[in-house]
Amino acid sequence: MEPVRRKALVDAALRVIGDHGSLAVTMSDIARQAGVSPALAHHYFGSKEQLLIETIRSLLRQLRSDTVAALKAARTPRARLSAVIRVSFHADQLAPGTIAAWLAFYAEAQRSEETRRFLVIYARRLRSNLLADLKVLLPADAAERIAEGAAAMIDGLYIRQSLKSAPIGIEASIALTEDYLNALLATASPSPRSEKGRPHRTTQGQMT
């Protein structure tokens, strides 16, 4: 039962954080949501802080899993770029509780080095996934510049989804990011590298 109860507590933590809009929740709040006693919650995680760290780990694992599956289904560098963009705005990632949790963790990162470290991992993964295929299409300097811009657009548009009256929806966010990539790909010089004869990268290499 331990894996089941641990997952139930992590899921409950996400819901409670989403309801409160911050990490100012108690272990009792989370335990009540999970339908277990606070003592049992402490038994599995030791402290609220450790449960919250496991919650952000869970968010990162889910995002990684979704990205790996999307990259496996894509057949060209450009299609893989689109896959990364679409996964970033997947409905699961945009659930109100999930958005609230991400924003709460970003706020907590100003005080917690461990939380900041996990968010840096997320940022590096996103940049790495974009950069890997951009380098196939463009020279390295252009690829790095566009990867940084695309990652910034994805993060900014994601944050805007937290607004209840956001003027832009999921599909429009995806379209804006795609338009940004298309415009820069059209004006940048192509990379001297080509797909021909290039070893196929595994998705594991994409997500270190």
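Just the heavy atoms: all of them, side chains too, but no hydrogens, waters or symmetry mates, feed the values below.
Not counting sequence neighbours, R5 has no partner by the salt bridge (charged side-chain N to carboxylate O under 4.0 Å, His left out) test. Applying the side chain to side chain donor-acceptor pair (under 3.5 Å) criterion to S58, with sequence neighbours excluded, gives no partner residue. Residues passing the side-chain contact (heavy atoms from CB on, under 4.5 Å) test with S173 are F89, L157, Q161, I168, sequence neighbours excluded. Here E49 pairs with nothing under the salt bridge (charged side-chain N to carboxylate O under 4.0 Å, His left out) rule; sequence neighbours left out. In this view, Q50 satisfies the side chain to side chain donor-acceptor pair (under 3.5 Å) rule with no residue, not counting sequence neighbours. The side chain to side chain donor-acceptor pair (under 3.5 Å) search around R124 returns none, not counting sequence neighbours.
In this structure, L23 is a member of the same hydrophobic cluster as I159, with clusters built from ILVMFWY side-chain heavy atoms closer than 4.5 Å. Y180 is not connected to L131 by any chain of hydrophobic side-chain contacts under 4.5 Å among Ile, Leu, Val, Met, Phe, Trp and Tyr, and they are in different clusters. Note on Y106: it clusters hydrophobically with L59, by side-chain heavy-atom contacts below 4.5 Å among ILVMFWY residues.
Closest of all the heavy-atom pairs between Q93 and V87 is CG-O, 4.0 Å. The nearest pair of heavy atoms linking V136 to P77 is CG1-CG, 3.8 Å. Contact record, A8 with A34: O-CB, 3.9 Å, taken as the closest heavy-atom pair. For the residue pair F105 and L52, the shortest heavy atom distance occurs at CZ-O, 3.5 Å. When all heavy atoms of L14 and A101 are compared, the closest pair comes out as CD2-CB, 3.4 Å.
The list of ring pair (Phe, Tyr, Trp, His ring centres under 6.0 Å) pairs with a residue in residues 48-68, not counting sequence neighbours, is empty. Within the structure, every pair that satisfies the salt bridge (Lys or Arg N to Asp or Glu O under 4.0 Å) test and touches residues 9-21, not counting sequence neighbours, is listed here: K7-D11. Under the ring pair (Phe, Tyr, Trp, His ring centres under 6.0 Å) criterion, the residue pairs touching residues 109-132 are W102-Y122, with sequence neighbours excluded. Screening residues 22-31 for side-chain hydrogen bond (donor to acceptor under 3.5 Å, both in side chains) gives T26-D29, D29-R32 as the qualifying pairs, with residues at least two apart or on separate chains. Within the structure, every pair that satisfies the salt bridge (Lys or Arg N to Asp or Glu O under 4.0 Å) test and touches residues 171-185, not counting sequence neighbours, is listed here: R78-E178, R86-E171.
In this structure, the separation between CZ on R160 and CG on D155 is 14.0 Å, given to the nearest 0.5 Å. In this structure, OG1 on T115 lies 4.0 Å from CD1 on I53, to the nearest 0.5 angstrom. For the atom pair H90 NE2 and I174 CD1, the distance stands at 9.5 Å (nearest 0.5 Å). Atom-to-atom distance recorded for E114:CD and R111:CZ is 14.5 Å, nearest 0.5 angstrom. Once rounded to the nearest 0.5 Å, the distance linking NE2 of H42 with CG of L51 reads 9.5 Å.
Considering only heavy atoms from C-beta on, I154 comes within 4.5 Å of T177 through its side chain. Put simply, the side chain of V36 does not reach to within 4.5 Å of the side chain of Y44, judged on heavy atoms. Side-chain atoms of L130 and L126, non-hydrogen and from C-beta on, do get closer than 4.5 Å to each other.
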Begin from the C-alpha positions of V10 and F45 and carry the test side chain to side chain contact (heavy atoms under 4.5 Å, CB included) through to its verdict. CA-CA 10 Å; V10 168; F45 289 100; 4.1 Å; yes

Show your reasoning for whether side chain to side chain contact (heavy atoms under 4.5 Å, CB included) applies to I85 and L181. CA-CA 10 Å; I85 293 168; L181 277 182; 3.4 Å; yes

May I have the step-by-step check of side chain to side chain contact (heavy atoms under 4.5 Å, CB included) for D133 and V84, ending in yes or no? CA-CA 10 Å; D133 288 300; V84 173; 5.9 Å; no

Return a table of donor-acceptor pairs under 3.5 angstrom between the side chains of residues 139-149 and protein atoms on other chains or two or more places apart.
residue : atom : partner : partner atom : Å
E148    : OE2  : R127    : NE           : 2.6

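A donor-acceptor distance shorter than 3.5 angstrom exists from the side chain of H20 to the backbone of V16, with no hydrogens or angles considered. Side chain of S65 to backbone of R61: no donor-acceptor contact under 3.5 angstrom is found. The backbone N or O of A109 sits nowhere less than 3.5 Å from a side-chain atom of S112 that would complete a donor-acceptor pair. Panel note: side chain K48, backbone I30; no donor-acceptor pair is recorded below 3.5 Å.
Tested against R125, the residues L63, L60, T67 include a single side-chain contact (heavy atoms from CB on, under 4.5 Å) partner, L60.
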